[in-house]
Structures are given as structure tokens and as C-alpha cells.
Amino acid sequence: MLSYIARRLAAGVVLLVAITTVAFLLLYAGGGNIARRIVGQSATEEVVARKAAELGLDKPLWEQYWNWLTGAVHGDFGRSWFSGETVVAGLTSRLAVTLALVCLTTLIAALLAVVLGVLAATRRGWIDKVVQFGSVLGFAIPGFLIALALVVVFSINLGWFRATGFIRPSDSVSGWLKSITLPVIALAVGSIASVAQQVRGAVLDALSRDYVRTLRSRGVPSRRVVYKHVLRNAGGPALAVLGVNFIGMLGGTVIVERMFLLPGLGQLAVNATTQADIPYVMGLVLATAVIVVVVNLVIDLAQAALNPRVRLS
Amino acid sequence: MSTVAVPAVPLEVLAEAPAGKVSLLRRLLRNPIGVTCLGYLVLLALVAVFGRLMAPQDPDRADPGNFLASPSAEHLMGTDSTGRDVLSRLLAATQISVAAALLATVIAVVLGVVTGLIAGYFGGWFDSISSWIAGLLMAMPGFVVLLAARAVIGPTVWMAMVVFGVLMAPGFFRLVYAAVTAVRNELYVDAARVAGLSDARIIGRHIMSVVRAPIIIQAAMAAGIAVAIQAGLDFLGLGDLGVASWGAMLNDGFAKIYNQPILMLWPSLAIALTCIALTLLANALRDELERAGAAPKRKKKAGAARDDGDVIIQAADVIVHGADAHSQALTGEVLLDVHHLRVGYDQPDGSVTEVVHGIDLRVHRGSIHGLIGESGSGKTQTAFAIMGLLPAGGRVLEGASIMFAGQELAGGSEALYRGILGKRIAYIPQEPMSNLDPSFTVGSQLTEPMRLALGLKRAQAKQRALDLLDRVGIPDPARTFAAYPHEISGGMAQRVLIAGAVSLDPQLLIADEPTTALDVTVQAEVLELIRDLQTELNLGVLLVTHNFGVVADLCDQVSVMQRGLIVEAGPVRAIFHDAQHPYTQSLLDAILDDAAPRGPLGADREEVAP
Amino acid sequence: MSNSLIDIKEVDVTYPAQGFGKKPFKALTSVSLDIRPGETVGLVGESGSGKTTLGRAVLGLAPVTAGVIDYGGRDIAHLGRRERRALASDIQVVFQDPYSSLNPSLTIEQILAEPLTARGVAGKTARTRVRDLLGQVALPADAAGRLPREFSGGQRQRIAIARALALDPKLIVCDEPVSALDLSTQAKVLDLFIDIQRRTGVAYLFISHDLAVVRHVSHRVAVMYHGEIVEAGDGDQVTAHPQHPYTQRLFMAAPVPDPDRQAKRRVERQRLLAAQAAAGQA
Amino acid sequence: MIRRKPLAIAVALAATFALATAGCSSSDDSGDSTSSSGTTQSADGGTTTDGGTTTDGGTTTSGGTVILGAIAYPTSLGPNGYEWGNRAPFFQAVMDTLLMAGTDGSVQPLLATAWEYNDDQTELTLTIAEGIKFSDGEVLDAQAVVTSLDTFKASTSPDTGTYMARYESSTAPDATHVVIKLTEPDPAFLNYLTRTAGLVASPASFDNEDLETHPIGSGPYIFDPDASVIGTSYVYTKNPDYWKPELQHYDKLIINVFDETTAAINAIKAGEANVVKLSGNDNLAEVEGAGWTINKNELDFQGLLLLDRGGTMNPALGDVRVRQALNYAFDRDALLASLGAGYGTVTTQVFPTSSVAYDDSLDSYYTYDPEKAKALLAEAGYADGLTLDMPSSTMLGAATFTLLGQYLGDIGITVNWTDPGNNYIADMLAPKFAAAFMALEQNPDWQLVNFMIAPSALFNPFRYEDPQVDEWINDMQYGDQAAQDEAAKNINRYIVEQAWFAPLYRVWGVVASDANTSVTMLPSNAYPNIYDIKPAS
């Protein structure tokens, strides 16, 4: 078990090096005149040159990469070229927002999806149709439309929640809830239904298994069979979908972050990448890749825990 | 043997491999949702091809004097922020958006499918490398890659879609890879190999035909995602606003959302409808595939089609043999009295398909009643009906009576059966492996009903379970108790199931082909066990089987079933020695055990006709 | 033997280890068997005995790690893909499961024509041959245009047999070809096998777990146990008067379809088990 | 169609309906201005008195919190990131400038209470106010000013190249006097001292590791790095020891960055800000409908920069008739209405209304006259049209390029648009294009000339020179006030006639303020002085 985790993490490190290298090369290839963009339209050429020298942009590419790599190994990811803050501090504060957003959304999506999916699979009928239809709609409606509708109704007209801005939970829990509720709903709408659809399929599949009948033949009530046996067996596929959704949301929160003015990772990603804020993008790529590796590992471990047949090797 | 650890849904689809393309399309056309979506997509394709020609006005011609106009006779959908006719633009934009989505999808499909086929079929180093690259691509934050790529190659919608196609390719790779590794070992692929087909031909013919449908489904989803991503990029202002596309229109509309909100409606509708159509189409395809896949499966179990023509069986008189000396010796009370049992399945069109057409059956305490018949004769349906455990859609039809120890069970609810299942009627299934929940230990599955039904404490239940495991002849009860189902053999698993069946001291045991899945030597031991338990606990047993040897070994009474009817019933010796019904006779004739051996090659004597 | 069609000599099959730190799995140990032209050799054994592996080794689908499979004077155990393909017209197969051995998305004609067109037989000739094959297995000619799922298990097995016959092979490996079928269907299919053998002189390696079935079709019978052949000989000899303790147990375990004889058999079996246990035989 | 409906429908979550409701509730709001009462309610309801990056209404007449909305944020809060314009409040809150821009366009004292040039205008002596301390306790004296000036000169701030171009050195003869030496006269230098050049930070802070994210000055507010999120939300608290408390109006100042116009409008409607700079004027009606006040100035002109006046890259542009034809090609009123939502003034000159050189007859020197344009082109030998390579950018909005291309197409000029992505400006200045669309700031005269007209000007990448103009530029630099004014007027008229540019219109720069806040705009900066943002009395 431990050696499995160690091996997975080692493979993850190789992956990280590969990803960062690719990202670095891509960024430089597309960076254009970064120094000019940092100092803006009104700066003189001399200032541009000075900026380039300050950032080491005049050095050969391999040297820049080496410098980044040695810094990164020592935990120094440099400072943003466009905002001056250290990449570590900046990412930490953004990650706190985005992870809160994504984790809450995943949690809510998981809970609701399980309930809806199980109901849809066991009751069929209208609730099944609602889940099916909802998953299609949730998939098809652009996220910003949902976000906009939520803002117009709940924040501008009803004033229940905040339309913009993020309040840290350390400052005020109720404020935090007010600032994060609408974004979470906007994000969750898309995934609840699709995960519920997956749960439904997995539950239907598990329900058709022979052991369900055998358990019932021993007098185990069908509700208990569903919630204990079927759900556990359906849990694997559902977890996999949740994992994919989680990873997808890491970058996909950008639209919601923009609409609600949340200082999250997605917004940072768009700004940093379009500006070619290389230290930031590298940090960002690294951070997301680490999260992806960890989430995948956690999902695999959870699946192994749920399903004894999955062998970790 | 093991269908173990197959990762769920998509494989489920391909395991029930699809029928031909033609018939799938035809079936899709009969599906109202499918045909609606297809219709929309065909329309979309037409607009994509001819949109510019259909446009009432020049889609690029701006009119700064008449911008943000509301819909009017001249501009049916109004004008945009530079006064261009929105309808014309929408028609023209369709071309770009559809082409862009197609580009991404085609790239993803080609890349993913080709590599997936090669990696899955041949394995080896290509497998390792491509799997690693797929993992790498999947771990890349896709959005960041898209943005970075945009920075490198500029904001053209085509390059963005190429990159996005590459990013989506691992999805197809994994799908195809999983499908191919699953199909690679299918018997028909072996057969093709033995038939002398080249690898290219096997891939093209046999593997592709299986992965084709899942690919189409995934491609429909992928196209939808590509449409959405393209719109998302444009929405963020990261797209190519120079060309007319839905995303560019959306961007324009969003900027003017407070001035002319209707501007957003048209591209949103186009995007949403297209995504919905693609998703629903994928769903409809999947549904059709599942339906197609389910059909033969049902046949396999219920066996609707037969070799021997279409003989229609009338509810003729049942040939009932009188009691003989042996059966008279068994005079236990009547435990189960089934009268005129009919089982039917509700069909989507409201009709009912009847699979058991009114049978009578009696099981006495302390005796074993064999229900024998070929597949599809309705014997298993009868057993399920008695236990109230018919699959979804199935029910006991009006007029039937299932009296169990004086209680009417026919059509009973789950509540009615609550005190009966397990405690008074127990069940031994056919397939030992699939009847144990793979996720729980043997012990927990044994003790759960005991604790629920008998209210035993954990320790008591465990002790009882260990005793039972010992009783059914499991050498190391403690180890088996702690094991997961996949860790024990089929014979052991069947013993565990028998232990579970008798764990609540039932009066009636319903055993559905309890030894069919077992090896002969194991079968003999399990039959021995059932007989011993039956005598020991004075059980009434309803034994469902197709094997006359098993009947001869265990049964006191026999009912012969054919096509949902009992055609002949009586004491076991009467059936074997004095069969009256032609069907029973034909079955007995087919038994090979008494046929003479063929003898060595060249002996050249007549074979004994069966 | 000089007149054998195929001569399996001391063959081992070992499957490579699945993953690190696991042992390779040895499925066959020093198995020898020969089949003469036009002969049926029955191979009996329980699950895991290696009988299917032996069939697959003959077909080139299992990794032979030692020994020789002599066919027509050369070893066919270690052929390349291309050479193996050339053997297709000599050695064919009928699998157990009539559901998974036919590609569900191809029509019967496509399935049957496949081995033919793979050898370059023209479409028209192939179609005629398909009709002929369907006739040989007693299926109507209109079956050609239909899909496998429209047929019952017995019919599918007939189709599989027709496919095996398409190239006029010398040997057909029959891997439990009737064990998934109903009793009455089983008898008919077995008779078809025998009938075809009489007409074409094809040899069978007939694999089954069912002693009765094997006895019915086989000229000679071999019994497999734990990857080895423990007993071989003429059909009636092996099936009626088994010598090896395992074969004896196997013989006794199969219930006789007669209540009174089976009651006797039961007693005999108990006696045999007790005797074997006393003698310490495996 | 009324206000309850959105709730019901949005709950149903049907795509098109949700959209339609978003539409109804917004478009109806204009006629439904009572809804703004609901909006205000949520503003001064202010029940969330949460700390952190939030608003709680800021309704009090003095003290309380004010929340500003900005459309850009500095690349750094240290000298390398010093920028004015839209980024001014980020710095102005923490640091005082040496001089202060007055709302009437004048230069006012701040840290420097008096200033004086020597005769040849190359030495400027400033008198620094006494007794001021930085928020870290350091004393603000002449030496601190010198350190700040030198640090800025050496920095990579975008402004340093322009503002400090003629700065040679400075000295502190005593604690209250600073002498600045210029290499040559710079008529705009005092202006620079009201902006980034005049920012004075604690000398000790320049050695701090976190200088880029933690500026320390003597300003009315102190930056709170812990409560702030760089790039999104900047939090400042009142400096309790501020030396000029009459400039301090709030206990807390928060600047939120709105990347998305819609988010800004939503914040305005939900009452989550007090003062918001708008990035565009599409939604002014909406903003007013919410009960907010529109404060405006005209600071930028938008139009084509006809950079290759010498015809080195595209010979056609070397011909004044072609350049004039370009000016006659555009229906400026229609463009302003369509692209600028009608909020602005059409113009054909690049000098701002605040300049002495401004001449309102030059706002309509060229009219929309495609026939004349074609005639001029024909006269220049381009009767069959010509081709022009220009950059385009999604950042500047797609509609602009569509319309420009179309007008030019109408007079026979085919535009080849190239999107250089992130390198729009870099490629323009390289120079890679003969002409380009741009929005440029209309600085005070001397700055403006050095920004886009002089041979060395940044936005004169072809280094085009005209002896006549050079002469006037010389007058501006060395002449007296009257000579300077005269030269500026001449330059303005001359380059309009010579069609160095094809300006289209000046757009309103709008800063919206809620009912509780009053704002006075500056004529020369996009963002008002934070001192001029006050509780409405």
C-alpha cells in the first residue's frame, strides 16, 4: 500500500517535470515581447530593454529554464512579472478560493447526485426523466448564463447573496457563505445532473446483479440493499466521474470567477497566460498538475477501499 | 469466468456489443428523441453548408446607423452592435462553429482511435508510451494549455480547435483502449485469428465494429463540448472575433447584455440546442445499444427462440402420475401450494408478455420437488414468482394463488414477504460468484441477514456463521468468513450460499440450478450437502434444474415444464420409467449417459441414434 | 506414430507473470497426445485442468514454452503470425460459447465468408460456398443475411461449425461445443459433428467436461487433471472402466439419470472415496 | 415581465428562459427605476459588517468605508510598477506626491509647498513641508525625496522613460529643500511631479523584501497586504497620523478590480461599491437607472495613427491626399454612436479640450465625404484603390475593426488585418504596420508632443520628421509661455491639415458614483484623485 503510494508519487514527479518543461517551452514560444507588455504602451524602448534585463529575459532559454528549475526545487518560484507578488503567496490565496469553490461544488454535487441518481434508478418515472433531462440541460447551458441569471435574481433583485467579491471564512463565515453560494450553485448545476446520470447508470447496473436478488431472498429490505450494497458497488464509477469533474473544474471555474469577481485560480490562469507571466504560469501549471496527481491517487485509493477486487499495483 | 473489475458504464455498452450500423440507424430513426436530434443536426449541417447563401443580407456588412436594432421585418432577429443583420450572421456563423467543432472532434477521434487501437491490440512499448502520453495530456490543465497555445499560434479558431482536439484525444484513446483490450480476448477474435485473418483485417472488421458505436457516442459528446469550449473562449474574449462564429456573436451580445439582451438569445439558442441535440443523440444511441444488447441476453436466460420450430403449446391437460410406494412414504404437510400461476412482463406499449401460463405445483415438507425443463421453459420465473423477486416489470398475474403454509403470497408486497423471505423461504442461486456481493466479505454477507432477521448480536451472528460454514464443509471457516468473494473458489462460494440459505432456519428451500455452474466432482459433493441438510432440517425443497441426473439423485416429485406450462408431473420413478408426454419422452431420449460409447476409430459400426 | 495427423509431444504452456513479483502460471506440463486423420479424440477434465489450454496451444493461441506440436512433419508450436495464418485451412476451431464466438455486428454470410475472402476467394464463389456450408449444418439458406442475435444457441453453434468447415480443415478443435446448449439441442449438434466427420473425414480434438458427451463422440479419450494427462485410451475403456483414481472419481461423480441406479452409484462413490482416502491417493 | 418572474423561471433553469429573464429584468429596469430602491436598500442595508474585502455600504458622511472599482491594477506596488492613469488610486492612497493635480488643471502644492525654476529652466528647487513622517516612522525630508526620485529614475516603471527622460540628478542641500537638475528644459516636469514621478516612499522600504506588495508612504491610508488579494482587491486603512487630515475622508478604502464589465454593472446594481470606473459606456443608462451619478472627462481620442507619413513602408501614406482621404472616409457620428454608445465628441484633432492649442473648429475639419475621399485617392493616383496592412486585436473589440474596414473598403482601400495577439503595441512600435487603430491619452501639450508627434516620440515609430514641426517643438521647449502656446496651436492646426492622424472621436471616461459619494473629476487623469472622492453631504 505505502509502496504503491510512493510509486505513484514518483511517477507523478516525472509527470510534473515533463509538464513543466512542455509548458515552459510553449510559453516562451508564444511569449512575444513580454517586457514590452509588462511596461505598457507608453514606456520607452530603453525601459523595455531594462525590464528584459531585470527579468533575465535576455538570457538563453535553457539558462532561464535551469534557473526556474533550481529555484523551484528549493521552493522559490519567483515573483509575478505583472503584479510583483510572490508566486507562492499568490497561488496560495487563489487556491484557497478555487479549492473552496471546487470542493464545495463537488461535495454538493456528490450528495445531491447520489440521492437523485438513486431515486432515478429505483423509482424511475418522473424523477428519472427530470434527472435525464436536467443532465442534458446542465451540460448544454453555458455557465455564464446560469451565473448571470442567479445574480440578477438572487443578488440584484432579492439581495440575498453577494453579486461580486469574496469574503474569507476567517473574516466572516456568514459573509463567506454569502459570497460563495451563488458561484457554487452556478458551478454545481452543470455537474449535479451529469454525476446523477452516472450514479443512475451505475445503480441500475448494480441493481441488475444477481447478488441483489440473493440478498433480498435472505430478508434484507430492498432499501438497505440499495443504500448499502448497490451504492457501494456503484460508488466506483461515480467516484471516477467526480474525479474527472473535479479536475475539469480547476480551470473551468474561470467564467464563474469572472462573473462573481472571485480571486481564484481560473481568473489568475487567464490573466497570467495571456500576459505570459511565466513565473506565475509555471507555478500554476505545477500546482494544478500536483492537484491532478493527488486527486487521481486519492480516487484510486478510494476505489480500492470501496472495491476489494481493485488491486493496487 | 470473472467479469471482474471492469470499470463500469461505457464498457457496459460495448460488452453488449452493438448490432450492425444500418439497423442501429434504423432503430434510432424509430426513437422519437433520436430522430428529432438527427433532424436538427441535419438541418444544422445544411445551414453550415449553405448558410451564407441563405443569408438574406451580407452577414459582414455593418450599418453603424442602425446598430442594436430590435427584431423587425427587415431584420428578423435585429442587428448587432455594428448594425449587422443578426439572422444573416447566425446563418454564416453556423458554418464556422460547426466546422470548428468538427475539426476538434475529428482530430480527437483520429488521434485517439488510431493510437488506442494499436496500443490496445498489440500492447508492448507503444502501449506503454501512448498510455503515458495520454496520462500526461489528461494531467495537463487543459484550459491553461489552450491559452498558452493561443499565445503561441495566435487567436485563430482553427488552431485552438486543433489543440483542443489533441486534448480530447486521450478520452478516445482510453475508450478504445479499454474496448480493444476487452474485445481482444473475445472468442470471435480468436476465431478470426484461427480463420487466418491478418491483424489489420481483424482490427478493421472485428474490433472496429465493436468500438464504433461507443466512439460515435463519445464523438457526439465531444462535438458538444467543442462547441461549448469554443463559445467559452470567445466569451472570455480569447477567441477569434474576426470571424463570424456563435462564440463571437455571444461575446458581442454579452457586451451589450444590458442594452439589447435579445442579442445573446440567438447564439445561446444555437449553442444550447446543438449541445442538447448532440447529448440527447448520444443518449439515444446509448439507449438503443443497451436495448439491442439486452435482447439477446434475455434470450439467453429466458430462451425465447428455440431450435425446434414454432410449436404452439396449448394449455393442454397435464399428465399427472399417481403416487407410488416411494412417494407415499413421504407424507409431510403441504408447505407450498401454487395454483394457476401466471407470470407476465409489462411491455412499454402497455401489453403484457406472459412467460408462465398457469401452472399448479405442490411442495411437501420433507420432500424435494424437481422442476425440470429446458432454458426458457419458465422454471426460473416460477421460482422468482414464488419468492416475489421477479425482475423489474415482471409480476404475478391475476387469478394465481401461491399458498405458503396457509398464507397467500400471490402479488404480495415487499412488506408481506418481509417475515417470509430468508426466515421461512430460502433461496440457493445458480451462479455462485455473481450472487455474492463482491464488495463485502463473506462473513458480513452471512451475518447481515441473521442480525436483521434474528436480532443476533455481532458475536453471536459470527459464531453462528462460523458453525454454518463448518457445517457446509468449508475446511477453514474463519478464513473463509474473512475472505472476499473473489478470494474463494466457485465450489466454496456455492457452499457459502447454501450456508446463507439455511442460516435462518427456513422451511422451504428454493434451489435454482444449484450445481449447474460447478464441476462434476464438486457437484456431487454439493448435491450430497443439499440432501443431508434437507433431511436434517426436514426441509421442503423446490429444485429447479435441467439435469436429469440431478433430478434422479435428489428428487421425490418431478414436474416437467415446457414453454411456461407443466406438461407432466408425478413421482420421480414414474417420470423416468413411464413418461407419457412426448416432450418428456424426447428429453429422456436425448440423454447420452446410457448411449453406447463410440468405440475406436475404424471399428466402423453404426452409431446409436439418440 | 507415423500415421498421426498431429502429434503433441511433451508440451509445456506457461503464461507470463501478470505484473511484478508474481509467478508465471504453468498451465500445461509435459502433455503428449496424438490425433489420427478422421479421428475424434475426447479430452475430459474439470475447470482449470488445462484442457482448453491444450486446445489453444494447438490453435497457436497459447504460448508453448517447451515441447513440439508436430503437424505434417513440422513443428507448428512456434510459428510466426504469417505462417500461422497459412495453417488456417488445416486447423479450425469451434468454441464453447455460441454467444461470444460470433461477432454480433456481422451477418452470417459475412462471418462465414470471412475465412474464404481472407484466402482470396472471390465474392461470388464465397457466396456459393456459404450457401453450401449452411446446407451442411442444416440451416436455411436465408440465414445468410441475418445477424447472430436472431438465432438460438444451437443454431449459432451450427454457424460456428459451418465457419470451421469453410476451409475444409483436417482438424477441428472443439472446445466444449455443446455444454452451453439444452439437452435436446446438444444431442442434435453432437450428431451433426459425427455426421460431418463421416462425410469429410475431419479429425476432432473434442474438449468437454462431460464424460457422457465425450464418450458419445470420441474414438479415444484422454483425461486431464492439473495440467497433465492422467489417463488416455479407447473411449469405452476410459469412460467405462477408468484406471486412474481421478478418472474413477470423475466417473462416479456424474449422476445417473435413474433414481434407483443413482442411489447405487451414490453408495459406490462413497465407497470409492473412502477407499481412495485410505490409500492416500490424490 | 415583471420582477417576480425571474425567480420562478430561473428556478426552472431553462436556458433560454433564464436568458430572457436576464434580459427582461435589465431592459425593464430603465422603465422600472423603482427597482433601484431595492438596489439602494441592499446598499445601505449593509447588514454585512464583515471585515475583509467586503463592503458595508459606506453610507456615513465621514469615516466608514469607501469601495472603489478599478479596471486595471499595477504590475507592482513598488517603483517598478509605478503607473498613473487608471492605476493612480492604488499609489495615491499610500503615498503622497510632491505636487498635486488640481481639478481645474492647475498644479497645487502637496509635499512640496513651493517650487521655483532657475532662468534657463534646468534647475527646479522644491520646498518640502516639515514634520511629516512615513507610516513606518521614518522622517520624510529632502533626502527621502531625493532617494525616491533616484529610485524611480532607475526603475523599470513604464513612466520612467518619459517622465525622467530629462532628469539628471537631484540634491538635498538641507532638510527642506530639494534641487532637481534637468538636462534640458521640460515644460511638463511639474505635471510629472503630480504623478508617478512625484511619489515619495519611505527610503527604508526600498530595501524591503516585500516592496513589490507592501508600499510604505506618508499617504492618507496604509496598505493592508494581509486583507488584500493582489490583482483583485486592495485594502487600505486610515493613516491615524496623517499630516493633512482634510484630505482623508474615510476610515477604510477598498479598491476592487473589475475584469468584466458585467461584473462591474452587477456590483453597481447590487450596491457593492461606491465609486466605479467604467471600462466602456455601453451601460450608462443602466448605471443611472440604479441611482448613480455619471462623472466624466474626455481624455482619450480614438482613431487611426497614420504612422508611415514618410511612405517608407507604404508609399501611398506618404501622400498627404491619401491621408486626407482616410480622414474623409469615416462617418464619425455613426462610429461614435455605434462603438462609443454615443458618449463622446467626434473630432479630427489630437489635442485635448483642456489645451490652449485646442480649436473646436478642428473637431470637424474633415467631414464624412466618401466621394471626396475617392476623388483625393484618384488624384493621388490610387483610383483603383490600394491595400493597407493594419493590426487588429480582440482586446479592442471586434466591432471596431469591422466598421473601420468597411468604411475604408467603401472608398476603395482594402485592409489586410493581422492579429498580432499579445504583440499589438510591440508590433506597432517595431514598426510593422504603416497605420494602426489606437486609443491614445491626450496629455498636456508638451507631453502630448513628446508622446506622439516629436521625431523621438514613442508613437512616431517611423521617426518621421518635418522641419516646420521641429521648429515649433523647439519653441515649445525653450520659449516663454506665449511662445509655447503659439507653437502648440500651430502644431495642432498643421498636423490636422497634413492629416498625420485620422482621429475619430474623444470618448467619455466615466467614473460612476453612488448617491452617498461625490466625485470630482480631473481633466488630465482617468481616475480622480482619491482626495476628491468624498461622502456626499
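In this text, all values refer to a predicted model and were calculated from it rather than measured experimentally. Labels below follow one simple rule: chain letters A, B, ... track the order of the sequence lines, proteins then strands, and each chain is numbered from 1. When reading the values below, keep in mind they use all heavy atoms of this one structure, side chains included, and skip hydrogens, waters and symmetry mates.
For C:Q186, the part lying near chain B is the side chain, with the backbone staying farther off; criterion is any non-hydrogen pair under 4.5 Å. Contacts of B:S586 with chain C are absent, with no heavy-atom separation under 4.5 Å from either backbone or side chain. With a 4.5 angstrom heavy-atom cutoff, C:L102 touches chain B only via backbone atoms. Of the two parts of C:A263, neither the backbone nor the side chain holds a non-hydrogen atom closer than 4.5 Å to a non-hydrogen atom of chain B. Contacts between C:V94 and chain B at a heavy-atom distance below 4.5 Å are absent for every atom of the residue. Neither the backbone nor the side chain of C:R265 comes within less than 4.5 Å of any heavy atom of chain B. Only the side chain of C:R163 comes within contact range of chain B, with heavy atoms under 4.5 Å apart. Proximity to chain C (any heavy atom under 4.5 Å) is shown, for B:V551, by neither the backbone nor the side chain.
Contacts of B:R531 classified as salt bridge (Lys or Arg N to Asp or Glu O under 4.0 Å), with partners at least two apart in sequence or in another chain: B:E528, B:D553. C:E46 is linked by a salt bridge (Lys or Arg N to Asp or Glu O under 4.0 Å) to nothing, counting only residues two or more places apart in sequence or in another chain.
When every heavy atom of C:S101 is checked against every heavy atom of B:L187, the shortest pair comes out as CA-CB, 3.7 Å. Residues B:A192 and C:E114 come closest through the heavy atom pair CB-OE1, 4.1 Å. Of all heavy-atom pairs spanning C:D258 and B:H577, the tightest one is OD2-CE1, 3.0 Å.
With values rounded to the nearest 0.5 angstrom, C:T185 atom OG1 is found 5.5 Å from B:E374 atom CD. Taking OG1 of C:T117 as the reference point, atom CG of B:L197 lies at 7.0 Å (rounded to 0.5 Å). One finds the NE2 atom of C:H216 at 13.0 Å from the CD1 atom of B:I591 (value rounded to the nearest 0.5 Å).
Put simply, the side chain of C:Q92 gets close to the backbone of B:V194: a donor and an acceptor are under 3.5 Å apart.
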Requested in this report: List the steps, then state whether side chain to side chain contact (heavy atoms under 4.5 Å, CB included) holds for C:Q262 with B:V572.
Outcome: CA-CA 12 Å; C:Q262 170 59 15; B:V572 64; over 6 Å; no

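The shortest distance between side-chain heavy atoms of C:V93 and B:D190 does not fall below 4.5 Å.
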